[in-house]
Amino acid sequence: MPRKIAIMGAMPEEIAPLLEKLDHVTTCVYASNTYYEGTYKGKEVVVAYSKIGKVFATLTATVLIEKFGCDLLLFSGVAGAISEELAIGDLIIADGLCQHDLDITAFGHPHGYVPEGEVCIPTDVTLRNIAKEVAKEKCLTLKEGVIATGDQFVANSERKEWIGRTFNAHALEMEGASVAVVCSSLNVPFFIMRAISDSADMDAGFDFDAFLESSAKVSADFVISMVEKIEV
């Protein structure tokens, strides 16, 4: 049976350019969210935005896998930089994801430890290699590292430094690690890519809305090129 590919974003702006690339799109409202089923060059794709945060991301990823039968998941969106090597507009793919706000250290576990699990969940190597092929073809620089997730918009520099130090993390966002927990638990290969939307030396005049629109187009083009290369 052919594989069905799930593509997620956190916000509607992040999936809008993707929907323009699909054929035969139909919608299904389920669990207070809209899911878009379509095809791309004959491959079955289901697209959804989760809304912001770990709970919604967990719910959406689970629905894509359990209700729509997706057996591979790609996520793209934006993130804040921790590493000084990341600048606004850079693309980073996660080789692992952790939850910086998960704290059961009182029971002797390290920060971010998932009960009966692990601190950092690795992403699928095959999908990362496909992404590197796409980046090479498009002459894009693709960075790779740990992405930290939490239900907090972290603007405090001391907190950012602590997350970077504690988890060896390069970037911050609010959904990825929860998607990782779902996919890892259900044995579904997954991939997470983020465009850096803020950095340590950020320009005060930065227009986030304009960046979100432009980065969503770049990410959509990148992800759909990955879909083209994925063997089904």
Side-chain angles (χ1 to χ4, degrees), residues 1-10 14-15 18 28 30-31 33 35-40 42-51 53-77 79 92-100 102 104 109-110 112-134 142 144-151 167 169 173-194 219 222-232:
M1 188 174 178
R3 299 169 97 181
K4 189 181 285 189
I5 301 168
I7 306 177
M8 277 181 68
E14 291 171 339
I15 68 163
L18 272 168
C28 173
Y30 184 80
N33 204 1
Y35 294 81
Y36 302 85
E37 297 178 85
T39 61
Y40 181 76
K43 296 177 182 178
E44 290 187 79
V45 178
V46 186
V47 179
Y49 72 91
S50 60
K51 293 171 274 193
K54 292 196 293 184
V55 172
F56 280 129
T58 299
L59 174 62
T60 303
T62 304
V63 169
L64 283 164
I65 295 165
E66 291 294 293
K67 177 173 174 59
F68 291 94
C70 295
D71 40 24
L72 184 151
L73 191 148
L74 311 176
F75 189 112
S76 72
I92 179 170
I93 60 172
D95 55 19
L97 295 113
C98 60
Q99 297 181 62
H100 68 78
L102 179 52
I104 53 171
H109 297 295
Y113 176 73
V114 178
E116 299 184 32
E118 55 199 319
V119 172
C120 193
I121 298 176
T123 56
D124 185 73
V125 174
T126 299
L127 291 175
R128 292 206 309 266
N129 286 338
I130 290 172
K132 290 170 187 176
E133 285 179 33
V134 170
L142 201 60
E144 192 172 11
V146 173
I147 296 179
T149 300
D151 276 324
F167 300 100
E173 37 89 307
M174 298 177 69
E175 297 83 26
S178 52
V179 173
V181 170
V182 171
C183 291
S184 177
S185 299
L186 295 172
N187 296 313
V188 170
F190 70 102
F191 166 86
I192 295 187
M193 180 178 75
R194 296 284 188 166
S219 296
F222 193 101
V223 167
I224 213 71
S225 295
M226 287 185 66
V227 169
E228 200 166 336
K229 288 181 177 290
I230 290 169
E231 294 181 7
V232 296

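Along the sequence shown, the residues carry numbers beginning at 1. Because the structure is a prediction, the values reported are computed rather than measured.
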Check your understanding: If you count the non-hydrogen atoms of other residues, nucleotides and ligands that lie under 6.0 Å from CZ in F56, is the total more than 12?
Key -> no
Point to revise | Validation row, ring centre F190 to ring centre F75 under 6.0 Å | key: no
Exercise for review: Please list, chain by chain and in numerical order, all residues satisfying side chain to side chain contact (heavy atoms under 4.5 Å, CB included) with M193, sequence neighbours excluded.
Suggested key: S76, L91, I93, L142, F191, S219, F222, V223
Review point. With distance as the sole test, does E14 use its side chain to make a donor-acceptor pair with the main-chain N or O of A10 at under 3.5 Å?
Key: yes
Check your understanding: Would you say the side chains of T149 and E173 form a donor-acceptor pair under 3.5 Å?
Key -> yes
Check your understanding: Quick one: side chain to side chain contact (heavy atoms under 4.5 Å, CB included) partners of K67, sequence neighbours excluded?
Key -> C28, Y30, V63
**Study point:** Backbone of D71 reached by a side-chain donor or acceptor of K4 within 3.5 Å
**Key:** no
Point to revise | Pairwise side-chain contact, D95 with I147, heavy-atom cut-off 4.5 Å (strictly under) | key: no
Exercise for review: Kindly write out the residues that satisfy side chain to side chain contact (heavy atoms under 4.5 Å, CB included) with A148, not counting sequence neighbours, or none if the list is empty.
Suggested key: C98, H100, I163, A169, L172
Exercise for review: Evaluate the side-chain contact (heavy atoms from CB on, under 4.5 Å) criterion for residues V55 and L59: first the C-alpha distance (whole Å), next the side-chain angles of each, then the deciding distance (0.1 Å), finally the verdict.
Suggested key: CA-CA 6 Å; V55 172; L59 174 62; 5.6 Å; no
Exercise for review: Output every pair passing side chain to side chain donor-acceptor pair (under 3.5 Å) with a member in residues 114-124, not counting sequence neighbours, ordered by first then second residue.
Suggested key: T123-R128
Point to revise | Y40 and I224, any side-chain heavy atoms less than 4.5 Å apart | key: yes
Check your understanding: Roughly how far, to the nearest 0.5 Å, is the CD atom of E144 from the CD1 atom of I92?
Key -> 8.5 Å
Check your understanding: Could you give the distance from NZ (K51) to OH (Y49), rounded to the nearest 0.5 Å?
Key -> 6.5 Å
Review point. With a 4.5 Å limit on heavy-atom distance, are the side chains of R3 and K43 in contact?
Key: no
Point to revise | salt bridge (charged side-chain N to carboxylate O under 4.0 Å, His left out) partners of residues 222-232, not counting sequence neighbours, each pair once | key: K41-E228, E133-K229, E137-K229
Point to revise | Check: N33 side chain, A48 main-chain N or O, donor-acceptor pair, under 3.5 Å | key: no
Review point. Does some side-chain heavy atom of I230 sit less than 4.5 Å from a side-chain heavy atom of I5?
Key: yes
Check your understanding: side-chain contact (heavy atoms from CB on, under 4.5 Å) between I15 and I7: does it pass, once the steps are laid out?
Key -> CA-CA 8 Å; I15 68 163; I7 306 177; 5.9 Å; no
Check your understanding: Can you tell if the side chain of L73 reaches within under 4.5 Å of the side chain of M8, non-hydrogen atoms only?
Key -> yes
If you look only at distance, which donor and acceptor atoms sit under 3.5 Å apart when one is on a side chain in residues 175-188 and the other is two or more places apart or in another chain?
| unit_1 | atom_1 | unit_2 | atom_2 | d |
| --- | --- | --- | --- | --- |
| E175 | OE1 | R194 | NH2 | 2.9 |
| E175 | OE2 | G53 | N | 3.1 |
| S178 | OG | K54 | O | 3.4 |
| S178 | OG | E175 | O | 2.6 |
| S185 | OG | V181 | O | 2.7 |

Check your understanding: So which heavy atom on V119 is nearest to which on P110, and how close?
Key -> CG2-CG, 3.9 Å
**Study point:** Nearest non-hydrogen partners of Y113 and L102, listed with the distance
**Key:** O-CD2, 3.2 Å
